[in-house]
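Take a look at the following structure, please.
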2 protein chains.
Amino acid sequence: MTSTDTTIAAGAPGEVARLGRSTQQRATVLRALVGSEDFVSAQVLHARLIDEGARVGLSTVYRTLTALAEAGLADTVRDPEGERLFRHRPGPHHRHYLRCRTCGRSVAVDSHLVETWAERTATANDFTEVAHTVELTGICADCTTTSPRP
Amino acid sequence: MTSTDTTIAAGAPGEVARLGRSTQQRATVLRALVGSEDFVSAQVLHARLIDEGARVGLSTVYRTLTALAEAGLADTVRDPEGERLFRHRPGPHHRHYLRCRTCGRSVAVDSHLVETWAERTATANDFTEVAHTVELTGICADCTTTSPRP
DNA sequence: GTTTTTGCAAAGCTTTTGCAATCCG
DNA sequence: CGGATTGCAAAAGCTTTGCAAAAAC
């Protein structure tokens with residue numbers, strides 16, 4: 001099941017409960033993810049944490065991020081190279097993002113239209129339990145004017 | 001750059017020319033891809049060819065499929081596990097598909113709405129060179145009535 | 001005192017690459 | 001011929017897993 005999935009239900013109460021025991025490592029990873037404005041890979045997040053002096057294993061980062069995604073607390077996306085990227089999901093519903101291919105920045109976009117289109121398309125084809133993934137990429141204004149790289 | 005990408009230009013004439021020399025292996029792979037109704041991974045396609053008695057290396061299948069995708073002759077998609085799936089693209093423009101999570105069948109869907117939505121969203125956010133990937137999955141009618149598996 | 005979680009290293013996967021042999025034109 | 005292509009095996013990533021030590025409750 002893809003990450004940015006309509007079928008994920010993120011109940012308001014007890015969200016964290018699904019993550020099992022609360023450990024320092026999990027708190028650290030979650031905090032880092034929340035603090036990250038944009039999509040990050042497990043590897044990058046791990047490197048960042050190590051840099052900051054935190055002692056967390058890469059496996060733990062992977063396990064925690066996967067758990068968060070399964071719990072509906074994070075959106076995930078596959079970058080073209082197949083790497084999995086994670087981003088904290090603030091609201092109860094999943095979001096779609098527009099990401100800059102040059103600097104990596106991303107902004108959440110209104111996807112009303114896509115949501116309903118997905119529903120309708122599925123219904124029209126006799127499909128049930130629709131899920132969808134949408135990835136939008138482009139070059140942001142900053143990167144259009146200036147040269148590449150942040 | 002993701003496969004199902006609006007920015008890919010598939011010129012009508014000389015499409016095949018971009019693939020370099022015409023060899024038996026390439027012909028075989030292309031034929032297999034065209035013959036395949038749905039998305040297939042390089043590995044599955046390779047296995048299928050070997051089964052049929054064709055003598056093609058896995059690397060060649062990868063190289064050929066990648067070339068086809070770059071030439072705009074195939075759409076590609078990442079499945080949730082990160083595997084790359086390929087599908088022959090009949091028309092000059094990229095398509096979007098609705099895939100059944102149970103039996104794997106997929107149907108091309110009309111994505112007018114999404115295309116324009118992508119354009120507009122990007123423009124509204126001062127992004128240029130928009131590209132997008134859309135993946136729709138669900139359970140098809142056949143799989144809803146009968147139990148799993150084709 | 002159990003039971004879960006961690007972290008390391010090793011394994012698993014898909015995909016890519018190096019390079020000699022081979023094929024196409 | 002001469003350069004493009006193939007195929008094998010090895011390498012490269014990213015991610016997962018096995019298992020003993022550590023932490024949580």
Side-chain angles (χ1 to χ4, degrees), chain A residues 1-3 14 16-33 39-71 73-74 76-87 104, chain B residues 1-3 14 16-33 39-71 74-87 104:
Chain A
M1 189 154 299
T2 28
S3 52
V16 186
R18 301 191 204 177
L19 297 178
R21 264 175 206 179
S22 93
T23 67
Q24 188 178 247
Q25 283 88 337
R26 284 182 187 166
T28 306
V29 173
L30 180 53
R31 201 173 333 112
L33 187 66
F39 281 99
V40 277
S41 67
Q43 314 238 17
V44 166
L45 202 64
H46 177 246
R48 197 177 291 171
L49 287 173
I50 295 299
D51 269 5
E52 292 172 0
R55 279 194 284 77
V56 194
L58 178 56
S59 343
T60 301
V61 174
Y62 270 111
R63 285 190 275 236
T64 306
L65 289 178
T66 301
L68 286 170
E70 277 169 1
L73 290 165
T76 80
V77 125
R78 287 271 174 190
D79 90 351
E81 282 74 43
E83 209 177 0
R84 214 174 168 192
L85 305 180
F86 299 79
R87 174 166 170 158
Chain B
M1 190 154 299
T2 27
S3 53
V16 185
R18 301 192 205 177
L19 297 178
R21 262 175 209 179
S22 94
T23 67
Q24 186 178 252
Q25 283 88 340
R26 284 183 189 167
T28 305
V29 173
L30 181 53
R31 199 175 333 113
L33 186 65
F39 280 99
V40 277
S41 67
Q43 314 240 16
V44 167
L45 202 64
H46 176 246
R48 197 177 293 171
L49 288 172
I50 295 298
D51 268 6
E52 293 173 0
R55 279 195 284 78
V56 194
L58 179 57
S59 341
T60 302
V61 173
Y62 270 111
R63 286 191 274 235
T64 305
L65 289 177
T66 301
L68 287 169
E70 276 169 1
D75 284 330
T76 81
V77 124
R78 286 271 174 192
D79 89 352
E81 282 75 42
E83 209 178 2
R84 214 172 166 196
L85 305 180
F86 300 80
R87 173 165 172 158

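Lettering follows sequence order; numbering is per chain, from 1.
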Requested in this report: Can you tell me the distance, in whole Å, between the OH atom of B:Y62 and the C1' atom of D:dT5?
Outcome: 19 Å
Query raised in the report: Would you say the side chain of A:S41 and the base of D:dC14 hold a donor-acceptor pair, judged only by whether the two atoms sit under 3.5 Å apart?
Result: no
Report summary line: Residues B:L58 and B:H46: closest non-hydrogen pair is N-NE2, 3.4 Å
Requested in this report: Verify, without hydrogens or angle tests, whether B:T28 (side chain) and B:Q24 (backbone) share a donor-acceptor contact under 3.5 angstrom.
Outcome: yes
Requested in this report: Starting at atom CG of A:L58, determine the distance to atom P of D:dT16, rounded to an integer number of angstrom.
Outcome: 10 Å
Query raised in the report: Just how far, in rounded Å, is C1' of C:dC23 from CD of B:Q24?
Result: 11 Å
Query - Interatomic distance where CD belongs to B:Q25 and C1' belongs to D:dA4 [whole Å] - result: 12 Å
Report task. Please check the phosphate of D:dA24 (OP1 and OP2 only) for any side-chain N or O of A:S22 closer than 4.0 Å. Result -> no
**Report entry** Flag, side chain of A:R26 to backbone of A:R21, donor-acceptor distance under 3.5 Å
**Finding:** yes
Query raised in the report: When all nucleic acid strands are considered with a 4.0 Å heavy-atom cut-off, which category describes A:S59: base, sugar-phosphate, or nothing?
Result: base
Query raised in the report: For the side chain of A:R26, counting heavy atoms from C-beta on, which of C:dT6, D:dT15, D:dT6 is nearest?
Result: C:dT6
Query raised in the report: Over how many whole Å does the gap from B:R84 atom CZ to D:dC14 atom P extend?
Result: 16 Å
Report task. Heavy atoms only: give me the nearest A:R55-A:Q25 pair and the separation to one decimal. Result -> O-CG, 4.2 Å
Query - Atom-pair distance (CG on B:L65; C1' on C:dT16), nearest Å - result: 14 Å
Report task. Could you check how far NE2 of A:H46 sits from C1' of D:dT15, rounded to whole Å? Result -> 13 Å
**Report entry** OP1 or OP2 of C:dG7 under 4.0 Å from side-chain N/O of A:T60
**Finding:** yes
Requested in this report: Using whole Å, report how far CZ of B:R63 lies from C1' of C:dC19.
Outcome: 11 Å
Query raised in the report: From D:dT5, D:dC14, C:dT15, pick the nucleotide closest to the side chain of B:E83?
Result: C:dT15
**Report entry** Donor/acceptor link under 3.5 angstrom from A:R21 side chain onto base of C:dT3
**Finding:** yes
Query raised in the report: Are the side chain of A:T66 and the backbone of A:Y62 linked by a donor-acceptor contact shorter than 3.5 Å?
Result: yes
